[in-house]
Amino acid sequence: MVLFISWALFSCGSTSKRVAKNKNVVLSSGEFKLIAEKFSNKIADFINEKKQDNPEQSYFLALLPTKNNTLNNLPLNALEFNLVKDLLEKKIPVVRREDRQEALQELELQLAGFSENNLTIGEMKTPNFFIKMKIEENYLSERRKRLVEQTILLELRSVATQLVVLSDRVEFFKEKKTRNSIVW
């Protein structure tokens, strides 16, 4: 029993030290821009590879809302906006699902005769892949300091099969300074 407890304490302590050596502290929404750029590069490489295999196929992506499973109010709009902007600069079109709902409502108004616009449902694009991002949070301690590890997870999923075709992650730490606040 004593051996098990000493092993547990040793393994927890060594894990915290090992993880803490790789500190990469995110300071601002500018850092989210860098993360979005990293993710967009990975996605663009994947899509360009797909285009080489099948040049006649058009590829469209849909960005799902980012899930924030942390206690903090993070600038997720900066992350999402920069990801879409970077993908558009790389000539990869992104479909906004909420805009699609608005277009379908407008089409219903047109069919009812309440609008003069000519919107046709045949021109709407359906995505081939969903972009799903999630932010997770874990609490660690090292030498009486409380550390918070946050991980941004990216998945690119095929719409047809729901298989994950691309996965990436970015991890960073912040230190909990006081009981009620966490400082980057």
Side-chain angles (χ1 to χ4, degrees), residues 19 22-110 117-138 148-174 184:
V19 172
N22 300 324
K23 286 186 182 181
N24 180 13
V25 180
V26 175
L27 300 173
S28 67
S29 62
E31 292 291 332
F32 280 108
K33 182 177 181 181
L34 295 175
I35 293 168
E37 184 178 340
K38 178 185 180 216
F39 286 166
S40 69
N41 288 337
K42 284 263 195 178
I43 293 170
D45 290 345
F46 176 80
I47 296 297
N48 289 333
E49 212 174 278
K50 286 290 215 184
K51 285 181 180 178
Q52 288 177 353
D53 293 342
N54 192 358
E56 291 84 32
Q57 175 73 32
S58 296
Y59 293 97
F60 299 95
L61 308 176
L63 178 64
L64 301 177
T66 303
K67 291 186 180 181
N68 182 9
N69 293 338
T70 69
L71 299 175
N72 301 315
N73 188 10
L74 299 174
L76 298 180
N77 289 338
L79 178 64
E80 292 173 350
F81 174 80
N82 285 308
L83 181 66
V84 170
K85 181 180 76 71
D86 289 348
L87 288 171
L88 291 176
E89 288 173 358
K90 292 172 175 62
K91 307 279 190 250
I92 299 172
V94 179
V95 176
R96 291 277 189 177
R97 293 179 70 210
E98 57 273 8
D99 294 343
R100 179 184 214 92
Q101 293 298 327
E102 291 174 13
L104 289 173
Q105 290 172 350
E106 183 63 30
L107 183 62
E108 287 177 11
L109 284 174
Q110 288 179 16
N117 294 337
N118 293 328
L119 180 68
T120 60
I121 197 161
E123 295 177 17
M124 288 185 145
K125 305 298 180 195
T126 56
N128 306 81
F129 300 99
F130 289 131
I131 302 170
K132 184 176 180 180
M133 292 188 292
K134 181 170 43 171
I135 302 177
E136 297 289 333
E137 189 169 67
N138 293 314
V148 180
E149 175 193 35
Q150 289 188 338
T151 306
I152 301 177
L153 305 166
L154 167 79
E155 286 185 345
L156 188 66
R157 294 182 180 192
S158 169
V159 172
T161 63
Q162 287 303 303
L163 292 174
V164 176
V165 294
L166 176 72
S167 180
D168 198 7
R169 64 191 274 157
V170 175
E171 297 172 337
F172 54 92
F173 289 85
K174 57 187 174 180
W184 290 93

For residues [X] and [Y], determine if any side-chain heavy atom of one lies less than 4.5 Å from a side-chain heavy atom of the other.
| X | Y | value |
| --- | --- | --- |
| Glu149 | Glu171 | yes |
| Ile131 | Phe39 | no |
| Leu61 | Pro127 | no |
| Val165 | Lys50 | no |
| Ile47 | Leu87 | no |

Can you confirm whether Phe81 is buried at CZ, in the sense that more than 12 heavy atoms of other residues, nucleotides or ligands lie under 6.0 Å from that atom?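 Not buried by this count: 12 neighbours or fewer within 6.0 Å.
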
Show, in sequence, the C-alpha distance, side-chain angles and deciding distance for Glu155 and Phe130, and conclude whether the side-chain contact (heavy atoms from CB on, under 4.5 Å) test is met. CA-CA 8 Å; Glu155 286 185 345; Phe130 289 131; over 6 Å; no

Quick one: do Thr126 and Val159 satisfy side-chain contact (heavy atoms from CB on, under 4.5 Å)? Show the steps, please. CA-CA 9 Å; Thr126 56; Val159 172; over 6 Å; no

[atom1]/[X] to [atom2]/[Y] distance, rounded to the nearest 0.5 angstrom?
| X | Y | atom1 | atom2 | value |
| --- | --- | --- | --- | --- |
| Phe32 | Glu37 | CZ | CD | 15.0 Å |
| Asn68 | Leu79 | CG | CG | 10.5 Å |
| Ile43 | Tyr59 | CD1 | OH | 15.0 Å |
| Asn69 | Thr151 | CG | OG1 | 11.0 Å |
| Leu88 | Leu83 | CG | CG | 9.5 Å |
| Phe129 | Leu156 | CZ | CG | 6.0 Å |

What residue pairs, at least two apart or across chains, pass salt bridge (Lys or Arg N to Asp or Glu O under 4.0 Å) with a residue in residues 69-95?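 Salt bridge (Lys or Arg N to Asp or Glu O under 4.0 Å) check on residues 69-95 returns Lys85-Glu89.
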
Let's go through Lys38 and Leu154 carefully: what are the C-alpha distance in whole Å and the side-chain angles of both, what is the deciding distance for side-chain contact (heavy atoms from CB on, under 4.5 Å) to 0.1 Å, and is it a yes or a no? CA-CA 11 Å; Lys38 178 185 180 216; Leu154 167 79; over 6 Å; no

Checking side chain to side chain contact (heavy atoms under 4.5 Å, CB included) against Thr66, which of Asn77, Leu153, Ile152, Leu76 comes through?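 When side chain to side chain contact (heavy atoms under 4.5 Å, CB included) is applied between Thr66 and each of Asn77, Leu153, Ile152, Leu76, only Leu76 qualifies.
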
Yes or no on side-chain contact (heavy atoms from CB on, under 4.5 Å) for Leu64 and Arg157, after CA distance, side-chain angles and deciding distance? CA-CA 11 Å; Leu64 301 177; Arg157 294 182 180 192; over 6 Å; no

